[in-house]
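Report on the following structure.
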Protein chains: 2
Amino acid sequence: MPLPRADAEEYASWFRALADATRIQIVSLLARRRAPMSVGEIVAASGVGQSTVSHHLKILAEVRFVLVERQGTSSLYRINENCVSCFPTAADVVMGNPVPSAPTCE
Amino acid sequence: MPLPRADAEEYASWFRALADATRIQIVSLLARRRAPMSVGEIVAASGVGQSTVSHHLKILAEVRFVLVERQGTSSLYRINENCVSCFPTAADVVMGNPVPSAPTCE
DNA sequence: TTCATTTATCGAATATCGTCGATTTACGAT
DNA sequence: ATCGTAAATCGACGATATTCGATAAATGAA
């Protein structure tokens, strides 16, 4: 009768991706410049360590919130507009709308 | 130039409230029955310990996602429709829309 | 007041998370 | 092949979070 645990976990993993201030700053950074950014640029703009940025980018990429493309020696990250628009809302949660699993939304 | 840290923290605290599977189950439970539920009912329906449920309800109440009302010896919790609708979307985040602070939205 | 019931809080164990410095890997240039 | 740069991974540490059992606080009934 309650929301199945698996669905709840799926929802939670979405929200967890945006549950950290540094990740939100990175996401908003990538969204303002519409152009892809290298890790180095993000490090410079965000003011946290390189390994930390890399770690957060990995988490964001796992839910397809950002997309990566290697260009030579650097990795270019950009926002995934598709994933932004299919990110579940609070209303989706309380209504029990079908959970868009991350890989599905692009 | 980047999103101010304070705004990022505010956003993050919103998403953190729904970043746990148990809390999502509780929220969806309260939303399905439109009527208020006692802690005991939520405990029975969710299958986790009483102190755990009480803890999660406190977190959800702090962001005004649920509302409490003591009725005799029991506490009745219900979903806060206002807070559901003003919960930030991913689009809000990437666009840097003004952050609705929890106490503001009812 | 005393008792029973319901909920909140406390204390502790465990797990997860965020961050950093150091190292490793990947890649291009020399 | 060697070097240099950029990014990913590793290992560790402290901070937070989740969960539980036990206890305390609140409330109504006897």
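By convention in this document, chain letters (A, B, ...) are assigned in the order of the sequence lines, proteins followed by strands, and residues within each chain are numbered from 1. Everything quoted here is computed from the prediction, not taken from an experiment.
- Counting only heavy atoms from C-beta on, B/Lys58 has its side chain closest to C/dT9 among C/dT9, C/dT6, C/dA8.
- For the OP1/OP2 pair of C/dA4 and a distance below 4.0 Å, the side-chain nitrogens and oxygens of B/Thr73 include no atom meeting the criterion.
- In this structure, the side chains of B/Ile26 and B/Leu30 come closer than 4.5 Å at one or more pairs of heavy atoms.
- The side chain of A/Arg70 lies closest to D/dA8, out of C/dT7, C/dT19, D/dA8.
- Between B/Arg23 and D/dT18 there is a side-chain polar atom (N or O) within less than 4.0 angstrom of OP1 or OP2.
- A residue-by-residue look at A/Ile59 and B/Tyr77 shows that B/Tyr77 has its nearest nucleotide of DNA chain C further toward the 5' end.
- Here the side chains of B/Tyr11 and A/Leu18 are not in contact, with every heavy-atom distance at 4.5 Å or above.
- Rounded to an integer number of Å, the gap from A/Leu76 CG to D/dT5 P is 19 Å.
- Residue A/Thr22 places none of its side-chain N or O atoms closer than 4.0 Å to OP1 or OP2 of C/dG18.
- Between the CE atom of A/Met37 and the P atom of D/dA6 there is a distance of 15 Å, given to the nearest Å.
- OP1 or OP2 of D/dA7 sits under 4.0 Å from a side-chain N or O of A/Ser38.
- Judged by distance alone, with hydrogens and angles left aside, the side-chain atoms of A/Ser74 form no donor-acceptor pair with the main-chain N or O of A/Arg70 at under 3.5 Å.
- With A/Glu41 contributing its side chain and A/Ser38 its backbone, the two residues share a donor-acceptor pair below 3.5 Å.
- Between A/Met37 and A/Arg78 there is no side-chain heavy-atom pair separated by less than 4.5 Å.
- Checked against D/dA7, C/dT19, C/dT7, the side chain of B/Ser75 finds its nearest nucleotide in C/dT7.
- As a whole-Å value, the separation of B/Ile26 CD1 from D/dT18 P is 11 Å.
- Atom CG in B/Leu18 sits roughly 15 Å away from atom P in D/dA17 (whole-Å rounding).
- Side chain B/Gln50 to base C/dA8: a donor-acceptor pair is found below 3.5 Å.
- Between A/Gly49 and A/Arg16, the residue anchored closer to the 5' end of DNA chain C is A/Arg16, taking for each the nucleotide with the nearest heavy atom.
- Here the C1' atom of nucleotide D/dA22 and the NE2 atom of B/His55 are 17 Å apart, to the nearest Å.
- Remark: A/Ser51 is not in phosphate contact with D/dC10, judged by side-chain N or O atoms under 4.0 Å from OP1 or OP2.
- Rounded to a whole Å, the CD atom of B/Glu69 is 16 Å from the C1' atom of C/dT6.
- In terms of phosphate contacts, A/Thr52 brings a side-chain nitrogen or oxygen within less than 4.0 Å of OP1 or OP2 of C/dC20.
- When atom types are taken as modelled, the side chain of A/Ser46 and the backbone of A/Ile42 share a donor-acceptor pair closer than 3.5 angstrom.
- Taking 4.0 angstrom as the limit, A/His56 places none of its side-chain polar atoms (N or O) nearer than this to OP1 or OP2 of C/dC17.
- Separating the CG atom of B/Asp20 from the P atom of C/dA15 is a distance of 16 Å, rounded to the nearest angstrom.
- Taking 4.0 angstrom as the limit, B/Ser54 places a side-chain polar atom (N or O) nearer than this to OP1 or OP2 of C/dA8.
- Between the CD atom of B/Gln71 and the C1' atom of C/dT7 there is a distance of 15 Å, given to the nearest Å.
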